[in-house]
Amino acid sequence: MTLSDAVAHLSPHRWARANRLLIRKALAEFAHERLVAPEATGDGRYVVRSDDGRTRYTFTAARRALDHWQVDADSITRHRDDAELPLAALDFFIELQKSLGLSEEILPVYLEEISSTLSGTCYKLTKPQVTAAELVDAGFQAIETGMTEGHPCFVANNGRLGFGVHEYLAYAPETANPVKLVWLAAHRSRAAFTAGAGIEYESFVRQELGAETVERFHGVLREQDLDPADYLLIPVHPWQWWNKLSVTFAAEVARRHLVCLGEGDDEYLAQQSIRTFFNRSHPEKHYVKTALSVLNMGFMRGLSAAYMEATPAINDWLAQLVAGDPVLRSTGLSIIRERAAVGYRHLEYEQATDRYSPYRKMLAALWRESPVPSLEDGESLATMASLVHVDHEGRSFAGALIERSGLAPADWLRHYLRAYYVPLLHSFYAYDLVYMPHGENVILVLEDGVVRRAVYKDIAEEIAVMDPDAVLPPEVARIRVEVPEDKKLLSIFTDVFDCFFRFLAANLAEEGVLDEDGFWRTVAEVTREYQASVPELADRFDRYDMFAPEFALSCLNRLQLRDNRQMVDLADPSGALQLVGTLKNPLAAF
């Protein structure tokens, strides 16, 4: 690739389109989070003014349930005094810096994340345009890499600060380039392997790598007069090796605490979460999640060695709970367990930092089950993020699935809700257990366009038990968190209603597939149906009321605008919440 080829996607017309799309999203989500207050101009248009009042953005928008602003991208204009100006996202954030609460320190880094997000959009605009209807038949990984929007709420959602353009082209999920992982041998004095019940290191590694590759790697160690028995094998993201470990961990390499063994043979595809890989060569083998010291959407995407130690135990605990609960079993819910984990502790960086430091999250990996072996005949997989994907013609993936299914839209929705939403309700009401159930953390099992069941993933880092008196095995105790009573149900209202159903309902209404009333009535019916099936939890339903007239508006962009390097303290997730007023609960009407 030539130097100029690497930036061929950055053309004037694609840049203009990417800026228009991003400003559309910024106006919609910042209005939703009440960072800007669009004024109606009387002719069906709205206006948002810059901090100094001289620049104005006007647009048309439909206003929907949950204070959702569906802004028409092509309607947006920008005027300064009387002159019309082109749309430019970087200018937008500078003009509205005070309204958005962007500090002098955060602003330039946020602009860099916006620039990277725009560049990614330009790349996506070069790809062949696949309709939603075609994507339905495209297969699990084609759907995964075909997503164009990233997180539906966050405006700067593809920052990936640390990737150069050649690395973006090599490792971003949307570029769909196969990747071979780098393998290191890590001395056991500083590394630990933990695994779920019935898994033993030697046989597990041979299964994942193949006996031949393991022998080849052992040979590399023996050539340096090192004993393979003294080492554990760790898979590493190639970016992490080239940019971090080979430099930041130079002492470890020099002292042979770490030995680079070369690439593995299998080819992997990066998933939406960017640091997790699907095995393309052997789809039935485990996903591999790696540490990646790249700043993306409010966090450095490292992986903590200390955190890894309890990961398999937490997964086994949850798998047992799901298997033993008749309601969860009846929904078909499964989790893909994180079966094994390996972490490396750099003792000197540990002495110099606290446990949240990115320096402690540079070298660890975990293996997560693949959902592929669990498929029955006729079943296929799709990331749940795909449901809110809209193609270049304005057609949604969810709409295409409904069409394929032949079901009435509300009936299709009922199948999906029973698979995805009922397990979340039951986990909350029966166990005080919550997940981070956004689109990228759930895989849907489909048959003829109908959602048959849901698979939850990203378990150990994302689940929490909010009951301070819950009896948990000691190795699982870290998932217990204290959350104030009045914030507990936000795990459903914010994470599910506001951050996912809001978009799904709006897209289906916009397309004329299912009106908003029909959408929320169906959610209400499924909620009541679930509640009627477990009368023994009636007290809990009264205490945490799904039909309450309103709930607190929890704002995600405000978190990132305030601190885009460490958005939330994982030890106190509810403490960081940015709550601004309330939203009307769309279930209250039913």
Side-chain angles (χ1 to χ4, degrees), residues 160-164 166-168 170-171 179-194 201 205 208-209 213-214 216-264 268 270 273-277 288-296 299-309 311 340-367 461 565-566:
R160 300 161 181 174
L161 300 192
F163 276 0
H166 56 305
E167 293 158 332
Y168 168 82
Y171 306 131
V179 176
K180 287 187 171 181
L181 298 178
V182 172
W183 286 80
L184 304 184
H187 199 272
R188 286 175 184 263
S189 62
R190 292 182 170 221
F193 176 87
T194 47
Y201 171 76
V205 167
E208 278 299 301
L209 276 166
T213 307
V214 172
R216 184 171 93 236
F217 287 167
H218 284 177
V220 175
L221 292 169
R222 288 192 194 99
E223 277 165 24
Q224 300 182 41
D225 292 327
L226 301 170
D227 182 354
D230 293 339
Y231 288 85
L232 295 170
L233 303 186
I234 302 189
V236 171
H237 194 297
W239 186 94
Q240 194 75 353
W241 169 250
W242 288 112
N243 293 280
K244 285 292 170 192
L245 302 175
S246 57
V247 180
T248 310
F249 280 43
E252 308 304 277
V253 176
R255 293 186 293 192
R256 297 297 180 260
H257 290 149
L258 289 177
V259 181
C260 184
L261 304 169
E263 291 180 340
Y268 289 85
S273 63
I274 196 170
R275 58 185 167 154
T276 300
F277 290 98
V288 180
K289 184 173 182 176
T290 55
L292 185 63
S293 300
V294 162
L295 184 70
N296 195 44
F299 289 103
M300 189 67 82
R301 297 288 162 176
L303 211 54
S304 151
Y307 243 59
M308 288 306 96
E309 286 181 28
T311 289
V342 61
Y344 184 86
R345 303 178 67 162
H346 191 300
L347 303 182
E348 292 76 14
Y349 286 129
E350 282 195 9
Q351 281 176 356
T353 57
D354 69 15
R355 65 197 172 106
Y356 303 115
S357 168
Y359 284 96
R360 294 190 179 203
K361 299 176 182 178
M362 288 190 182
L363 183 49
L366 64 80
W367 287 268
E461 285 199 280
R565 292 181 180 87
Q566 176 70 30

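Worth knowing before you read on, the calculation uses all heavy atoms, side chains too, and leaves out hydrogens, waters and symmetry mates.
Separating the CZ atom in Arg216 from the CH2 atom in Trp183 is a distance of 11.5 Å, to the nearest 0.5 Å. Atom-to-atom distance recorded for Tyr359:OH and Gln351:CD is 15.5 Å, nearest 0.5 angstrom. Atoms CG and CE, on Leu303 and Met362 in that order, are 13.0 Å from each other to the nearest 0.5 Å. The distance from atom CG of Leu209 to atom CG of Leu181, rounded to the nearest 0.5 Å, is 9.5 Å. To the nearest 0.5 Å, atom CG of residue Leu221 and atom CZ of residue Arg256 are 10.0 Å apart. The distance from the OH atom of Tyr344 to the OG atom of Ser189 is 6.5 Å, given to the nearest 0.5 Å.
Here the side chain of Arg275 pairs a donor or acceptor atom with the backbone of Arg301 at under 3.5 angstrom. Between the side chain of Glu309 and the backbone N or O of Thr194, no donor-acceptor pair lies under 3.5 Å. Of the possible donor and acceptor atoms, none in the side chain of Arg160 sits under 3.5 Å from a partner among the backbone N and O of Val294. Glu167 places a side-chain N or O within 3.5 Å of a backbone atom of Gly164 that can act as its donor or acceptor partner. Of the possible donor and acceptor atoms, one in the side chain of Tyr201 sits under 3.5 Å from a partner among the backbone N and O of Leu233. Side chain of Arg360 to main chain of Ser304: no donor-acceptor pair is present (N/O by atom type, distance under 3.5 Å, no hydrogens or angles). Side-chain atoms of Arg188 never come within 3.5 Å of backbone atoms of Phe193 as a donor-acceptor pair (strictly under, hydrogens ignored). Between the side chain of Ser293 and the backbone N or O of Gly302, no donor-acceptor pair lies under 3.5 Å.
Ring-plane geometry between His346 and Phe249 is classed as perpendicular, the angle between the planes exceeding 60 degrees on a 0 to 90 degree scale with a lower cut at 30. The aromatic rings of Tyr171 and Phe163 are tilted relative to each other, their planes meeting at an angle between 30° and 60°.
At most 12 heavy atoms of other shown residues, nucleotides or ligands fall within 6.0 angstrom of atom CZ in Arg345.
Side-chain contact between Cys260 and Val253 is absent, with no heavy atoms from C-beta onward closer than 4.5 Å. At a threshold of 4.5 Å between non-hydrogen side-chain atoms, the residues Val342 and Met308 do not count as touching. A 4.5 Å side-chain heavy-atom check between Ser357 and Tyr349 finds every atom pair outside the cut-off. The side-chain heavy atoms of Glu263 and Trp241, taken from C-beta on, include no pair separated by under 4.5 Å. With contacts defined as side-chain heavy-atom distances shorter than 4.5 Å, the pair Leu363/Leu258 qualifies. Considering only heavy atoms from C-beta on, Val288 comes within 4.5 Å of Trp367 through its side chain. Residues Gln240 and Thr290 fail the side-chain proximity criterion, which asks for heavy atoms closer than 4.5 Å.
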- Query: How far apart are the C-alpha atoms of His237 and Phe277, what are their side-chain angles, what is the distance that settles it, and do they pass the ring-ring contact (aromatic ring centres under 6.0 Å, His included) test?
  - Reply: CA-CA 9 Å; His237 194 297; Phe277 290 98; 5.2 Å; yes
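Salt-bridge check for Lys361 with Glu461: failed, with every basic side-chain N at 4.0 Å or more from each acidic carboxylate O. No salt bridge links Glu252 with Lys244; every basic N to acidic carboxylate O contact stays at or beyond 4.0 Å.
Shortest non-hydrogen contact noted between Val179 and Ala170 is CG2-O, 3.7 Å. Between Tyr231 and His187, the shortest heavy-atom distance links the atoms CD2-N, 3.5 Å.
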